[in-house]
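Note sheet for the following structure.
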2 protein chains.
Amino acid sequence: MPSKAAEDYLKHIFLLHQRAQEDLVPMGDLAESMGVVPGTATSMVKKLNAARLVNYEAYSGVKLTAKGRRIALQVLRRHRIIETLLVKTFGLDWSEVHDEAEQLEHTISDRLLERIDVFLGHPTTDPHGDPIPSAQGQLPKSSPRRLSDCSQGEKVTICRIVDQDQDFLRFIEQHGLKPGSQVQIDVIDEAGDSIRILPERKKPLIMGSHAARKLLVESSG
Amino acid sequence: MPSKAAEDYLKHIFLLHQRAQEDLVPMGDLAESMGVVPGTATSMVKKLNAARLVNYEAYSGVKLTAKGRRIALQVLRRHRIIETLLVKTFGLDWSEVHDEAEQLEHTISDRLLERIDVFLGHPTTDPHGDPIPSAQGQLPKSSPRRLSDCSQGEKVTICRIVDQDQDFLRFIEQHGLKPGSQVQIDVIDEAGDSIRILPERKKPLIMGSHAARKLLVESSG
DNA sequence: GAAAATATTTTGACTCGTCAAAATATAGAG
DNA sequence: CTCTATATTTTGACGAGTCAAAATATTTTC
Ligand SMILES: [Mn+2]
Ligand SMILES: [Mn+2]
Ligand SMILES: [Mn+2]
Ligand SMILES: [Mn+2]
């Protein structure tokens, strides 16, 4: 029943809520994330509130109701399954599937989605390592560390890249840092705000800690 | 650049033009085909006219310009390739893919479409036997006969069903009359306005000539 | 060839999602 | 505590796509 726009708002509220520890998502953050002017976010959120999909407190922020959360997770599931299909089956580059999925997530029927899920063999993570919610809306939770928090000499496996920016993803790919790749932490330069890492097959590289914070890892072995 | 609605109008104008020998498509027909009120069709057609996608003559009708035709064929290509994907790859029933494709045809990028085309091995007809326009907008033309025009005793192969109605398609399927199936004309009952046919593996059936007109065939062998 | 029937266009209104800019509330600095 | 900076909401407007119903044009009928 919710419109495409409404689905996107719910999804963005969910994601912003996840990444900030705050209970309420501020309207400014939501507007920025949605790429709209703040007043637009306010008016949409009021509609979502009237539809009992969010709880909205003026001047404080917004959070999802159980119903809103359910829809947000469904949209996320669609998005990530579609991305997986585009990369695995049709060979699109992982850096270019996000925008396509952003549209398709609102267009594909439940029936088709489940067929695709079966076709892909029920994948649990998308090409960026993002977990795929189950059809029942369960999000397999794990708490991987950030690459930026690892200690010198450690060997870790990249498991997730939390940034959809095309240029960043291409950068990551060029240095062989896709989910599943192993790297060793070579040097941590606190003063220089950077980290030097040794990918398995590619050349060593130095990346700023801001970028390193966007790579999630788990211990190898 | 054209909106989803505009794409659909162009497609419908193209299809109506094909099926009627008239040069101009009347606004009433277009409105009915689009499922909108006549005034709505008029206002959209005026916009398409302003965008040089159609030539519109008040109180007479509308026809596509070269540019409009190009877009219509692209949309048709998308639609039919998507239907093929849904049936062949994801196993959806051919009677239920039309509505889904009606949406997806406006959502999928050119890049993805070409990947899907490659994945499917460049199909030339969709699950209903409708020809798929080439990427350059060439529509392989053939002029198959109608089942209703066949003569008694003839053996023919069904090659196309020109009706997207779910119930009709399910009826066709139940009697083993999908594109590719062979049938023999058993009895032609002019007075009763019906035709009796013998499918290969299924039971004989009698269908009205209105329905028989929607099945296109070619001579077997 | 006039009257009636039918088709088309026009007008005015509505919803949705959006922006610009004004009004207002809240948070922060001193 | 008061003033200023920042965040949020309100207001008024817009384009897209649509409908209902009135106005008008065209076609058919007699
Ligand atoms: Mn989206
Ligand atoms: Mn992703
Ligand atoms: Mn469509
Ligand atoms: Mn078809």
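The structure presented is a predicted model; accordingly, all values stated were derived computationally and were not measured. Just the heavy atoms: all of them, side chains too, but no hydrogens, waters or symmetry mates, feed the values below. By convention in this document, chain letters (A, B, ...) are assigned in the order of the sequence lines, proteins followed by strands, and residues within each chain are numbered from 1.
By the salt bridge (charged side-chain N to carboxylate O under 4.0 Å, His left out) test, B:Glu173 is found to be paired with B:Lys178, residues two or more places apart in sequence or in another chain being considered. For A:Glu22, there are no salt bridge (charged side-chain N to carboxylate O under 4.0 Å, His left out) partners two or more places apart in sequence or in a different chain. The salt bridge (charged side-chain N to carboxylate O under 4.0 Å, His left out) search around A:Lys4 returns none, not counting sequence neighbours. Every salt bridge (charged side-chain N to carboxylate O under 4.0 Å, His left out) that B:Arg160 has, sequence neighbours left out, goes to B:Asp130.
Counted by atom type alone, B:Asp126 and B:Thr84 present zero donor-acceptor pairs between their side chains at under 3.5 Å.
Sorted by first then second residue, the salt bridge (Lys or Arg N to Asp or Glu O under 4.0 Å) pairs that include residues 78-100 of chain B, not counting sequence neighbours, are A:Arg111-B:Glu96, B:Arg78-B:Asp110. Listed by first then second residue, pairs satisfying salt bridge (Lys or Arg N to Asp or Glu O under 4.0 Å) with a partner in residues 135-148 of chain A read A:Arg145-A:Glu154, A:Arg146-A:Asp149, not counting sequence neighbours.
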For nucleotides 22-26 of chain C, which of its nitrogen or oxygen atoms have a protein nitrogen or oxygen under 3.5 Å away, and what is each distance?
| unit_1 | atom_1 | unit_2 | atom_2 | d |
| --- | --- | --- | --- | --- |
| C:dA25 | O4' | A:Tyr59 | OH | 3.4 |

Report each atom pair, protein N/O against N/O of nucleotides 14-17 of chain C, whose distance is under 3.5 angstrom.
| unit_1 | atom_1 | unit_2 | atom_2 | d |
| --- | --- | --- | --- | --- |
| C:dG17 | OP1 | A:Ser3 | OG | 2.4 |

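In this structure, B:Gly28 reaches the sugar-phosphate backbone alone: every heavy-atom distance under 4.0 Å involves primed, P, OP1 or OP2 atoms, never a base.
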For residues 161-171 of chain B, which side-chain donor-acceptor pairs fall under 3.5 Å, sequence neighbours excluded?
| unit_1 | atom_1 | unit_2 | atom_2 | d |
| --- | --- | --- | --- | --- |
| B:Asp163 | OD1 | B:Asp165 | N | 2.7 |
| B:Asp163 | OD2 | B:Lys214 | NZ | 2.7 |
| B:Gln164 | NE2 | B:His98 | ND1 | 3.1 |
| B:Asp165 | OD2 | B:Asp167 | N | 3.2 |
| B:Asp165 | OD2 | B:Phe168 | N | 3.0 |
| B:Asp167 | OD1 | B:Arg170 | NH2 | 3.2 |

Expected list for residues 7-15 of chain B: side-chain donor-acceptor pairs under 3.5 angstrom, two or more places apart:
| unit_1 | atom_1 | unit_2 | atom_2 | d |
| --- | --- | --- | --- | --- |
| B:Glu7 | OE1 | B:His106 | ND1 | 2.6 |
| B:Asp8 | OD1 | B:His106 | NE2 | 3.0 |
| B:Asp8 | OD2 | B:His106 | NE2 | 3.2 |
| B:Lys11 | NZ | B:Glu102 | OE1 | 3.1 |
| B:Lys11 | NZ | B:Glu102 | OE2 | 2.8 |
| B:Lys11 | NZ | B:Glu105 | OE1 | 3.0 |
| B:Lys11 | NZ | B:Glu105 | OE2 | 2.9 |
| B:His12 | ND1 | B:Asp8 | O | 2.9 |

Which donor-acceptor pairs under 3.5 Å do the side chains of residues 44-69 of chain A make with protein atoms, sequence neighbours left out?
| unit_1 | atom_1 | unit_2 | atom_2 | d |
| --- | --- | --- | --- | --- |
| A:Asn49 | OD1 | A:Tyr56 | N | 3.1 |
| A:Lys63 | NZ | A:Asp23 | OD2 | 3.2 |
| A:Thr65 | OG1 | A:Arg52 | O | 2.8 |
| A:Thr65 | OG1 | A:Leu53 | O | 3.1 |
| A:Thr65 | OG1 | A:Lys67 | N | 3.4 |
| A:Thr65 | OG1 | A:Gly68 | N | 3.1 |

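In this structure, B:His12 atom NE2 and D:dG17 atom C1' are separated by 16 Å, rounded to whole Å. The interatomic distance linking B:Met34 (CE) with D:dC19 (P) rounds to 10 Å, in whole Å. Rounded to an integer number of Å, the gap from CD of A:Glu32 to C1' of C:dT18 is 18 Å. The interatomic distance linking A:Leu24 (CG) with D:dT8 (C1') rounds to 14 Å, in whole Å.
Aromatic ring pairs are classed by plane angle as parallel below 30°, tilted from 30° to 60° and perpendicular above 60°; the pair A:Phe119 and B:Phe119 is perpendicular.
Rounded to 10°, the helix from C:dG1-D:dC30 to C:dG30-D:dC1 has 10° between the axis fitted to its first five pairs and the one fitted to its last five.
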